[in-house]
Structure formats: structure tokens, C-alpha cells
Amino acid sequence: MRILMTGITGLVGAGFATNLLRSNPDYTIVSLCRGFGNKSGLERTKDTIKEQCEMDDKQDAEELLSRIEIVEGTLEDFPASEMSAKGPYDTFFHCAASVNLGKDPDKKTYNTNFYGTQSALSLAKQLGLKTFHYVGTAYVAGKCSGVVMEDSMPATEWNNSYEISKYDSEKLVRESGFDYTIYRPSIIVGRLSDGVIRKPLAFYRILEFLARVKINGCKKAGLPLNGPFSTKLRIAAGMSDKIYFVPQDYVQQTIAKLFVLPVCNKTYHLTGMSPVSTQMIAIAVCEALKTTGLGIVDNVENPSKEEKLVQRMLDDLLPYFKSNITFDNSNVIEALGKEVLDWKLDLDFLRKMVYAYYKENNPELL
Ligand SMILES: NC(=O)c1ccc[n+]([C@@H]2O[C@H](COP(=O)([O-])OP(=O)(O)OC[C@H]3O[C@@H](n4cnc5c(N)ncnc54)[C@H](OP(=O)(O)O)[C@@H]3O)[C@@H](O)[C@H]2O)c1
């Protein structure tokens, strides 16, 4: 099978590509990839695949790379004829997107995602493909509450332009006339075994920010960075117990397994069924940073300068700590059996995950 894809350097795309090629020796991939700095898309892909294989503790990067070809380009300036020239293909896996959750005043995030999906669909049509695979997000559910089924799109309000772009893109895919498979991950975090992640995105900005709070506080007070620290910082986040962290290895392996099943217009929640709570996250972070006094509250009255800064810096992430959505997983269970969901995220996992992040990024704090 020859697969045309986008997003191979991403957290999801690299894991998907390596998992899929490893378990299917006759598969090959052609991916769109852009250069950055002085590196071409091809060089960046090689670096990424090597990093992913190292993380998987496998020595097969060269073999996998021998089955990957790259077309240099971007979603905005879609090199359709170059991609077409490397065909024929059996299917399209569209994974690339801007994952910026922040404000989008000039609609850059929206346009990249929506028109990128439109370009991918239009190329798939031109190539005469029958099937289309699309990586969406569980948060097309936006501000819904209650149970959300995999094949439904009940949202009428969203938290940011990213969610709207993914909702509109998913609708494009559903209405395109292709047989489709849609994968909807939730908030991707480190792998199950040790919490390590190849590319910390989104939620991890909170960990980065709290590390900075501790570093600044300790320096000001002349305290050792790895010692106990007390703060009066309050963060206005909800007390949700429906924070759907999902381990990166589950997402990557499950997409690769679902990908090889018959394509029959199904959508899959890659969310797991063991959401964590705001409180559990706060405990894990405070323990790792040996910090006391961090207040998670509904509303911060008379915020200090530092509290205003927190609110501004983390504003785009905080809605996910107020979520009241339950993601149904019936399609995943029907397709792969309930054993695939035989894992649970608990406080011990969060401790591992937070520790793994600080060990890699702020070892001076441990
Ligand atoms: N991470 C999550 O928690 C999460 C959760 C739910 C859904 N998702 C979905 O999963 C998919 C993959 O995201 P990810 O987590 O792997 O994020 P990521 O690590 O940022 O990867 C995004 C991929 O898209 C590519 N890309 C972005 N903008 C592009 C552009 N303008 N032109 C060409 N390529 C572009 C990136 O290439 P570069 O390396 O060149 O930037 C990268 O390969 C997305 O569709 C996202 O919506 C992610």
C-alpha cells in the first residue's frame, strides 16, 4: 500500500508513520513536509523519524526512512502536482494542522487548517482515491456538556478558532463523498510506561510556566531551586474531573490499528475512558516542584501582577480544565475490542508524566 500523508514531523504523524511501516513491511509513505531554518523538509523528517525510533528503543530508522519520500511544501502553498507525480496512491492520511489554541485575529490558524483540508480533499479527488483518513480532535465538541458520541457533531459553541477550524474541516471530510475514517484524539500526553513525550505541546505550557514561577520565586528569596517552595499564586481554572489526557503511545498505536481496517465512514474517539481531574494534576505538579500554596479557584479576586500574567499566558488552555464532556468510545470498542482500553490514567501516572517533563526540561528543579 502506498499512502499519501501530511504532518509526518508531528507528534501524531511521526508515531503513526513509524508504527504503521513497522507492522506493514510492504507499505510506503509519501508525505508533505516543510523546511524550517536551514533544514529541508526531508532533513527534518529524517531527524524526526530517528528521534521517534530512539524513543521506541528501535534500531530501524534507516529501514523505515527507505520507505518514506517527502514532497517539500506547506498546507498554504499546497504542491499538488509534485505530490501527484509521486503516485499512484491507495489512500490519503491528512494529519497536518496548526495546533495553536490561542487567539486568531487574522484567521491564520483557521485558514491553515480549513483550506489545508480542502486542498488535501481536492488532491485526493484529482488522484481518483476512494478513501480519506483525517485526524481531527475530540474537542470539535467545543463547549458541549454530557456524553458526546463518536459519529455525532453536536457542538454549536467552541472555545477557540482552532476548535472551529477542526469542526469545519471535519464537516468538509464527512460531506466530501469519500469513504472516510476520522480519528479524534483528546489532549495528548506522555506515554503510559514512563510519561515521556517526544514533543510536549499545549497542556505542557502550564508545566513550563509553573517551573518559571518557582525559579523566579526561589531566586528572589535566595532559596535553592530544588528545595521546598511556597507560593500564594491563584489560578482561575475549573474543578473538572473530565480532563481527557491520552498517552501518545495509545494514540499512535490505535490510529495505526484502525487505519488498516475497512474504511466505512466511522469516527473514533482516541480519548481513553479514564479522564483525570484538575485536583489530581495540581497534586502531581506541586509534589514534583515541592511547592505549596498553589490555589486553583473559580475566580481570582484582586489578582496580583503575577496572577494577571498567569491568566494571560494560560488563557487558551484553561477552558479544558472546565470541561464537562464525557467522550463515548463505542466505535473504538466495536472495532478493536474492549481490551484496547484496558489502561487507566491515575495520580501515579500523572506523577510519572510531570516528573518526566521536568527531568527533561528543568532538571535543576528536581
Ligand atoms: N497534540 C494534541 O494534543 C492533539 C490533540 C487532538 C488532536 N490533534 C490533532 O492531531 C494532528 C497532529 O497534531 P500534532 O499533535 O501531531 O501536532 P504537531 O506535533 O504540531 O504536528 C503538526 C504537524 O502538522 C504540520 N504542519 C502544521 N502546519 C503546517 C503547514 N502550514 N504546512 C505544512 N505542514 C504543517 C507540522 O509540520 P512542522 O513540523 O513543519 O510544523 C507537523 O508535522 C492535528 O490535526 C491536530 O489537530 C492533536
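Ligands are counted one by one from 1 in listed order, and the atoms in each one are counted from 1 as well.
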Side chains of Asn331 and Thr267: is there a donor and an acceptor less than 3.5 Å apart? no
Give the atom numbers and elements of ligand 1 that come within less than 4.0 Å of a heavy atom of Glu76. 30 (C), 31 (N), 32 (N)
Charged N to carboxylate O under 4.0 angstrom, Lys266 versus Glu150? no
Which of the ligand 1 atoms, numbered from 1, are nearer than 4.0 Å to a heavy atom of Thr137: 6 (C), 7 (C)
Heavy-atom proximity to atom 40 (O) of ligand 1, best of Arg34, Gln252, Lys199: Arg34
Any chance you could lay out the side-chain contact (heavy atoms from CB on, under 4.5 Å) test for Tyr110 and Asp168, step after step, and finish with the verdict? CA-CA 9 Å; Tyr110 182 90; Asp168 288 352; 2.5 Å; yes
Using a 3.5 Å cut-off on N or O atoms only, is Ile187 in polar contact with ligand 1? no
Pick out which of Gln52, Gln253, Lys257 makes a side chain to side chain contact (heavy atoms under 4.5 Å, CB included) with Asn19. Gln253
Gly136 neighbourhood, listing ligand 1 atoms whose heavy-atom distance to it stays under 4.0 Å: 7 (C), 8 (N), 9 (C)
Candidate with minimal heavy-atom separation from atom 3 (O) of ligand 1, of Ile188, Thr271, Ile197: Ile188
Quick one: do the Asn100 and Thr109 side chains pair a donor with an acceptor below 3.5 Å? yes
Short question: side chain of Asp104, backbone of Lys108 - any donor-acceptor pair under 3.5 Å? yes
Protein contact of atom 13 (O) of ligand 1 - nearest heavy atom, named by residue and atom, plus distance: Val99 CG1, 3.9 Å
Is any N or O atom of Thr9, backbone or side chain, closer than 3.5 Å to an N or O atom of ligand 1? yes
Would you mind finding which of Leu201, Ile8, Thr112 brings a heavy atom closest to atom 15 (O) of ligand 1? Leu201
Atom 32 (N) of ligand 1 - nearest protein heavy atom and its distance: Leu75 N, 2.8 Å
Residue and atom name of the nearest protein heavy atom (relative to atom 23 (C) of ligand 1), distance in Å to one decimal: Gly7 CA, 3.9 Å
Identity and separation of the nearest protein heavy atom to atom 22 (C) of ligand 1: Ala97 O, 3.6 Å
In terms of side-chain geometry, is the basic nitrogen of Glu170 or Lys166 positioned less than 4.0 Å from the acidic oxygen of its partner? no
Backbone N or O of Cys95 within a donor-acceptor pair of the Thr6 side chain at under 3.5 Å? yes
Note: heavy atom closest to atom 26 (N) of ligand 1, options Ala96, Gly13, Gly15, belongs to Ala96
Output the list of atoms in ligand 1 that are nearer than 4.0 Å to some heavy atom of Arg44, sorted by atom number. 38 (P), 39 (O), 40 (O)
Within-cut-off N or O pair, Pro185 and ligand 1, under 3.5 Å: no
Taking the minimum heavy-atom distance to atom 12 (C) of ligand 1, which of Cys33, Gly10, Cys95 ranks first? Cys95
Proximal ligand 1 atoms for Lys166, defined as those under 4.0 Å from one of its heavy atoms: 44 (C), 45 (O), 46 (C), 47 (O)
Salt-bridge present (Glu69, Arg2; N to O < 4.0 Å): yes
Suppose we measure from atom 5 (C) of ligand 1 to each protein heavy atom; which comes out shortest, and what is that distance? Ser186 O, 2.7 Å
At under 4.0 Å between heavy atoms, which part of Tyr162 makes contact with ligand 1: side chain, backbone, both or neither? side chain
Under 3.5 Å, is there a donor on one side chain and an acceptor on the other for Asp328 and Ser330? yes
Would you call Glu63 and Arg67 a salt bridge, using N to O less than 4.0 angstrom? yes
Counting from 1, what ligand 1 atoms have a heavy atom of Val135 closer than 4.0 Å? 9 (C), 10 (O), 11 (C), 45 (O)
For Ala14 versus Thr18, what's the shortest heavy-atom pair and its separation? O-OG1, 2.8 Å
